[in-house]
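Everything numeric in this text was worked out from a predicted model, so none of it was measured. Residue numbers start from 1 in every chain, and the chains themselves are labelled A, B, ... in the order their sequence lines are given, proteins ahead of strands. Excluded from the calculations below are hydrogen atoms, water molecules and symmetry mates; all remaining heavy atoms, backbone and side chain alike, are included.
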Protein chains: 2
Amino acid sequence: MVSQTRPKSTKRATIKDVAQAAGVSVTTVSNVLNGRTEAMAEDTLQRIQQTIQRLNYRPSRVARSLVTQQTATLGVIISEIDTPLFLQALNHIETIARHAEYHILLATTAEHLDDEAQIIDLLLEKQVDGIIYLSTSVYAKTDFLEDLPPSAPPVVLVNRITPFAGRFDRVNFDHLNGMAAVMDHLVQLGHRHIAHLLGPKDRASTHERLNGYRQGLARHNLPYRDNYVKSGDFEQDWRLWQESTLALVNVSPRPTAIIGANDRVAAVAMRTVQNAGLRVPQDISIVGIDNQAFCNYLNPALTSVKLPVVEAGKLAANLLLERIAGHRREIENNVLPCVLVPRESSGVAP
Amino acid sequence: MVSQTRPKSTKRATIKDVAQAAGVSVTTVSNVLNGRTEAMAEDTLQRIQQTIQRLNYRPSRVARSLVTQQTATLGVIISEIDTPLFLQALNHIETIARHAEYHILLATTAEHLDDEAQIIDLLLEKQVDGIIYLSTSVYAKTDFLEDLPPSAPPVVLVNRITPFAGRFDRVNFDHLNGMAAVMDHLVQLGHRHIAHLLGPKDRASTHERLNGYRQGLARHNLPYRDNYVKSGDFEQDWRLWQESTLALVNVSPRPTAIIGANDRVAAVAMRTVQNAGLRVPQDISIVGIDNQAFCNYLNPALTSVKLPVVEAGKLAANLLLERIAGHRREIENNVLPCVLVPRESSGVAP
DNA sequence: TTGAAAGCGGTACCAA
DNA sequence: TTGGTACCGCTTTCAA
């Protein structure tokens, strides 16, 4: 008898076990594992396959990775994972990766932005084949990115503002023109008094949007008014947003439209003005940013600006995979458009 | 000169490189990597540390994993990743894992539930130290779980209904009593005509909630009426939910309260009844399920039932880590309570 | 058509 | 206090 048929209940079977049980060499087993079966005797192949089945053998990717120097794993660093927004991207990144037979190693930096260097280190130690760096557009130190050794895997930066360009592929959002589109939309509806609830100050997107707001005003010959701009910092408590909204409602002349820092802020603003006796959009228009699913569920449905996070995730994943595969030479700096999604909460000015 | 100081710009440094450059053996380098430095000459230590720094050396976890048979990685399988709900859990799982020096290998089964066996296989090949299986409560084949070899790492099932108990730790939600709490709440407010928009039929949670609904009726001596129960299948288009809501509004006697299959369904129901000229909650109360963040942003704010996904994720992560560490012997079957979160959308019956 | 053996980058035992 | 070396499980050349 060739094999003792001892399924080794406790330890997992190795390629050697299979070879032994099937009465062949490890090389031969390795060949069938890797599909090199053209020049193989039919019954050898069968015997090996059966043995694999019988021993419930699963090749160790760890061992394989050690020799091939590839882990078939992509590191994804995500900050602000609380926001469902970027998590949608994660979903699609994973799907694309999986179709290319890659897995996702997830790391978050929700707590301390300072950890970032350390997290990168760990990903390097685990020898991921590539890294997608998906983050809030917060201004932060990114020196550690520059310090990456040449042997480091390719990196794609999504929504990441860094002072140094040129080394990594990037995918960004056109926050400025997204806001400009909102301004055009509102002005077209006859609005002349447009307010803006501002996002967190430490984010690049907040400033880009404020620029879009100002440019929109300028383009339509409308004055910029300090008291039309209040904090809608969405990392704060929603009561702050409510306060800011109430403050806006009491400014004279009263704004006929409010643009929230994001959909949540806008939703609270809508609630607030409604409870103050104003009708949306007849008395006042409300516009959000991000275009999250719940915009459709509000009453009235919230007009918003779509942030193409899903597209960004897909693009990043594909960029990374292509770079890993060795295609592509030039560094790409993609800027994705943010398009307006008009719904019921924005209407003609009173 | 001991070292040639050639930082090998293209290939990553290995332990051998460090040993050579520092003029010591690999054993010694390994010792410093693993903190076994008590009995080490001060200057040897220093020399090695400097060399590590200079060569930008990072130990390969892959090689280490091969010998230690541990990857410091947890596999997390998530289905229905679109729902922000479970992603919140992911966030917390990752954090707990990271604090224990584990990483998360993410796999989703959004597309084909049949892939599940294959995904498990891949995680086994990558030799994760443990698996968290976080899924919708869909009824599906789970034989492959039973087929897992004894050498497979520990698994924790979250919100997963399986016929066979006993082998894996589990964390589930008490959907039934969550619904019962809603019923009590509404009856207490004077409601006698309570409708329910039902979730997808293939989910265990849908049936558990329906049971809770029926038990609630029975407990308060209210009759079960077929036409008070319509589809609110949240995997369908929201227009279906709207239709179902309108149908309910036209039933005689008209329900004074509607419980949605989840918050999204409830939000659409609320919109729908409001647009039909009914006031919430004066004319009709609306209750959701899941207690997502946007409940607070609706007008009126949506009463809902909290699904403790975050707690479930944390519990699952801790259970898994403890089992990996070898503590704990008995299999746990945790059932987490779903508590009612009353807000503005539920009020006294008209 | 199949096999022997070196080696991937570490760990850990045993010696020195 | 430090070093030699077998080995983890697989791939890959080269030879048979």
Participant: Respond yes when some side-chain nitrogen or oxygen of B:Ser30 is under 4.0 Å from OP1 or OP2 of C:dT11, and no when none is.
Facilitator: yes
Participant: Just compare D:dG3, C:dG3, D:dG9 and give me whichever is closest to any side-chain atom of B:Val24.
Facilitator: D:dG3
Participant: Between A:Asn56 and A:Arg54, do the side chains contain an N or O donor and an N or O acceptor separated by less than 3.5 Å?
Facilitator: no
Participant: When all nucleic acid strands are considered with a 4.0 Å heavy-atom cut-off, which category describes B:Asn34: base, sugar-phosphate, or nothing?
Facilitator: sugar-phosphate
Participant: Do A:Ser25 and A:Thr28 have a side chain donor and acceptor closer than 3.5 Å?
Facilitator: yes
Participant: Test your reading of the model: is there a side-chain donor-acceptor pair from B:Lys126 to the backbone of A:Ala72, 3.5 Å cut-off?
Facilitator: yes
Participant: Of the options C:dG10, C:dG7, D:dC8, whose atoms approach the side-chain atoms of B:Ala63 most closely?
Facilitator: C:dG10
Participant: Would you mind reading off the distance between A:Arg64 atom CZ and C:dG9 atom C1', rounded to a whole angstrom?
Facilitator: 18 Å
Participant: Confirm from the modelled atom types if B:Ser65 and C:dG10 form a donor-acceptor pair under 3.5 Å, side chain to base only.
Facilitator: no
Participant: C:dT2, D:dG9, C:dG9: which one has an atom nearest the side-chain heavy atoms of B:Val67?
Facilitator: C:dG9
Participant: Take B:Ile15 and A:Ala39, find for each the nucleotide of DNA chain C with the closest heavy atom, and name the residue whose nucleotide sits nearer the 5' end.
Facilitator: A:Ala39
Participant: Is the phosphate of C:dG3, meaning OP1 or OP2, less than 4.0 Å from a side-chain N or O of A:Ser25?
Facilitator: yes
Participant: Closer than 3.5 angstrom, by distance alone: can the side chain of B:Arg170 be matched with the main-chain N or O of B:Asn333 as a donor-acceptor pair?
Facilitator: no
Participant: Whole angstroms only, please: what is the CG-P distance between B:Leu66 and D:dG9?
Facilitator: 7 Å
Participant: Is it the case that the side chains of A:Thr108 and B:Arg98 hold a donor-acceptor pair, with the cut-off being a distance below 3.5 Å and no angle test?
Facilitator: yes
Participant: Can a side-chain donor-acceptor contact be found between A:Gln127 and B:Ser60 if the only test is distance below 3.5 angstrom?
Facilitator: yes
Participant: Ignoring hydrogens and geometry, is there a side-chain-to-backbone donor-acceptor pair from B:Asn34 to B:Asn31 under 3.5 Å?
Facilitator: no
Participant: For B:Arg323, run the side chain to side chain donor-acceptor pair (under 3.5 Å) check against B:Asn318, B:Asp169, B:Asp129 and tell me which one passes.
Facilitator: B:Asp169
Participant: Using a cut-off of strictly less than 4.0 Å between a heavy atom of the residue and any atom of DNA chain D, enumerate the qualifying residues of residues 121-131 of chain A by number.
Facilitator: none
Participant: Please round to 10 degrees the angle between the axis of the first five pairs and the axis of the last five pairs in the helix from C:dT1-D:dA16 to C:dA16-D:dT1.
Facilitator: 40°
